[in-house]
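Input: a single structure, listed below in structure tokens.
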Amino acid sequence: MKPQKKLPRKFYMRDVHIVAKELLGKFLVRRVGRKYLKGKIVEVEAYDGSVDKAAHTYGGKTKRNEIMFNEGGFLYVYFTYGMHFCSNVVTGKINEGKAVLLRAVEPLSMLDIMALNRFGKKNISTLELKNLTNGPAKICEAFGIMRSDNGTDLLGNEIFILNSQKLSENKIAASVRIGIKKSVDLPWRYYIKNNSFLSRK
DNA sequence: CCACGGATTGGCT
DNA sequence: GCCAATCCGTGGA
């Protein structure tokens, strides 16, 4: 088996829906000292500021959302509900304002560090394991992603995404997005069918 | 099992 | 001043 390689800039610079679906099954990695936290991406949502009222970029560029107007391959991290961070992968060309929200990953490596970040302890119950990374803010807490990670280049060595074989269409499902109040009918949530780390069925 | 509400900052109207 | 791309605990059926 060939070693996994980082996704190249060109991967991210395509249509937001293509990138969203192809991110499923890829590996999110964050460096912590000499260790690497790793999880398989299993659930995402597409946001497109050109047509989508739920996208942070719908109303144009602001200080908060400016990273989302970068070219593809940067991390857009935002703070919400006064206590949570969520992370997005920016897609497309410069000034498009499109990104993919990471909603759930399946934890694969350094679970004890993730457990410490999430629950303040290394040994966790099966319920806590299930709740480790099955939500957008849970991913950020487990992976230690916060405000200072906004704008991180995913082609760098701190936070990046490793390639894997493209999933066949029949393993992917789509639904409406979760937790929004605008553009609620767009079926832009994509996830791996039957994965046990989804935030919802 | 499900529904509901509190937490708590800060962006934008 | 309003309210958010969330999470978690509580309380009732």
Side-chain angles (χ1 to χ4, degrees), chain A residues 12 15-17 19-21 23-24 28 39 41-70 72 74-92 96-107 111 114-121 124-152 154 159 161 173-192 196-201:
Chain A
Y12 300 106
D15 174 79
V16 65
H17 298 283
V19 175
K21 285 188 264 193
L23 278 174
L24 296 174
L28 174 68
I41 298 169
V42 301
E43 177 183 340
V44 298
E45 286 175 357
Y47 286 86
D48 175 352
S50 68
V51 292
D52 169 14
K53 294 186 175 126
H56 290 170
T57 47
Y58 183 71
K61 195 180 285 190
T62 68
K63 188 78 180 170
R64 179 204 201 196
N65 68 22
E66 61 182 359
I67 297 300
M68 214 173 134
F69 286 96
N70 279 5
F74 289 83
L75 198 68
Y76 167 51
V77 179
Y78 69 88
F79 181 69
T80 192
Y81 292 103
M83 53 175 67
H84 296 302
F85 293 101
C86 295
S87 53
N88 299 250
V89 173
V90 179
T91 72
E96 285 189 15
K98 304 182 189 184
V100 176
L101 171 68
L102 302 178
R103 281 203 58 90
V105 308
E106 176 176 335
L111 301 223
M114 296 186 199
L116 211 51
N117 288 343
R118 285 273 294 131
F119 302 109
K121 58 187 184 182
I124 54 176
S125 67
T126 52
L127 180 62
E128 286 168 329
L129 172 62
K130 213 181 148 211
N131 284 319
L132 200 53
T133 54
N134 65 340
K138 297 178 189 178
I139 295 173
C140 286
E141 195 172 6
F143 279 69
I145 294 172
M146 58 199 81
R147 198 185 311 274
S148 54
D149 296 304
N150 187 35
T152 299
L154 297 175
I159 302 172
I161 300 177
S175 79
V176 295
R177 294 171 297 177
I178 293 170
I180 53 171
K181 296 217 168 79
K182 300 169 195 162
S183 299
V184 293
D185 292 329
L186 297 173
W188 288 359
R189 170 177 175 250
Y190 306 105
Y191 58 95
I192 300 178
S196 54
F197 287 90
L198 297 178
S199 69
R200 302 206 195 163
K201 302 272 171 187

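Lettering follows sequence order; numbering is per chain, from 1. Everything numeric in this text was worked out from a predicted model, so none of it was measured.
Judged as a ring-ring contact (aromatic ring centres under 6.0 Å, His included), and not counting sequence neighbours, the contacts of A/Phe85 are A/Phe79. For the side-chain contact (heavy atoms from CB on, under 4.5 Å) test, residues two or more places apart in sequence or in another chain that qualify with A/His17 are A/Asp15, A/Ala46, A/Trp188, A/Tyr190. By the salt bridge (charged side-chain N to carboxylate O under 4.0 Å, His left out) test, A/Lys181 is found to be paired with no residue, residues two or more places apart in sequence or in another chain being considered. Looking at residues two or more places apart in sequence or on another chain, you find a salt bridge (charged side-chain N to carboxylate O under 4.0 Å, His left out) between A/Glu128 and A/Lys121. Every residue two or more places apart in sequence or in another chain that forms a side-chain contact (heavy atoms from CB on, under 4.5 Å) with A/Asn134 is listed here: A/Asn131, A/Lys138. Listed by chain and number, the residues in a side-chain hydrogen bond (donor to acceptor under 3.5 Å, both in side chains) with A/Asp149 are A/Arg30 (sequence neighbours excluded). Remark: A/Phe143 engages no residue in a ring-ring contact (aromatic ring centres under 6.0 Å, His included) (not counting sequence neighbours).
Using a 4.0 Å cut-off on heavy atoms, none of the residues of residues 183-192 of chain A approach DNA chain B.
Between the A/Asp48 side chain and the A/Ser50 main chain, a donor and an acceptor come within less than 3.5 Å of each other.
When the C1' atom of B/dA3 is taken as reference, atom CZ of A/Arg200 falls 13 Å away, rounded to whole Å.
In the 5' to 3' direction, nucleotides of DNA chain C lying under 4.0 Å from heavy atoms of chain A begin and end at C/dA4 to C/dC8.
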Identify all side-chain donor-acceptor contacts of residues 96-103 of chain A below 3.5 Å with residues at least two apart in sequence or on another chain.
unit_1   : atom_1 : unit_2   : atom_2 : d
A/Glu96  : OE2    : A/Lys93  : N      : 3.1
A/Arg103 : NE     : A/Glu43  : OE2    : 2.8
A/Arg103 : NH2    : A/Ser199 : OG     : 3.2

Please list each protein N or O that sits under 3.5 Å from an N or O in nucleotides 8-11 of chain B, with the distance.
unit_1 : atom_1 : unit_2  : atom_2 : d
B/dT8  : O2     : A/Tyr81 : O      : 2.4
B/dT9  : O4'    : A/Gly82 : O      : 3.3
B/dT9  : O2     : A/Gly82 : N      : 3.3

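For the pair A/Glu141 and A/Met68, both in contact range of DNA chain C, the more 5′-proximal nearest nucleotide belongs to A/Met68. Comparing A/Ile180 and A/Phe119 along DNA chain C, the residue whose closest nucleotide (by nearest heavy atom) sits nearer the 5' end is A/Ile180.
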Inset, instruction - Map every base of DNA chain C to its dot-bracket character, where paired means a Watson-Crick or G-U wobble contact with both distances under 3.5 Å and | marks a partner outside the strand. - result: ||||.|||||||.

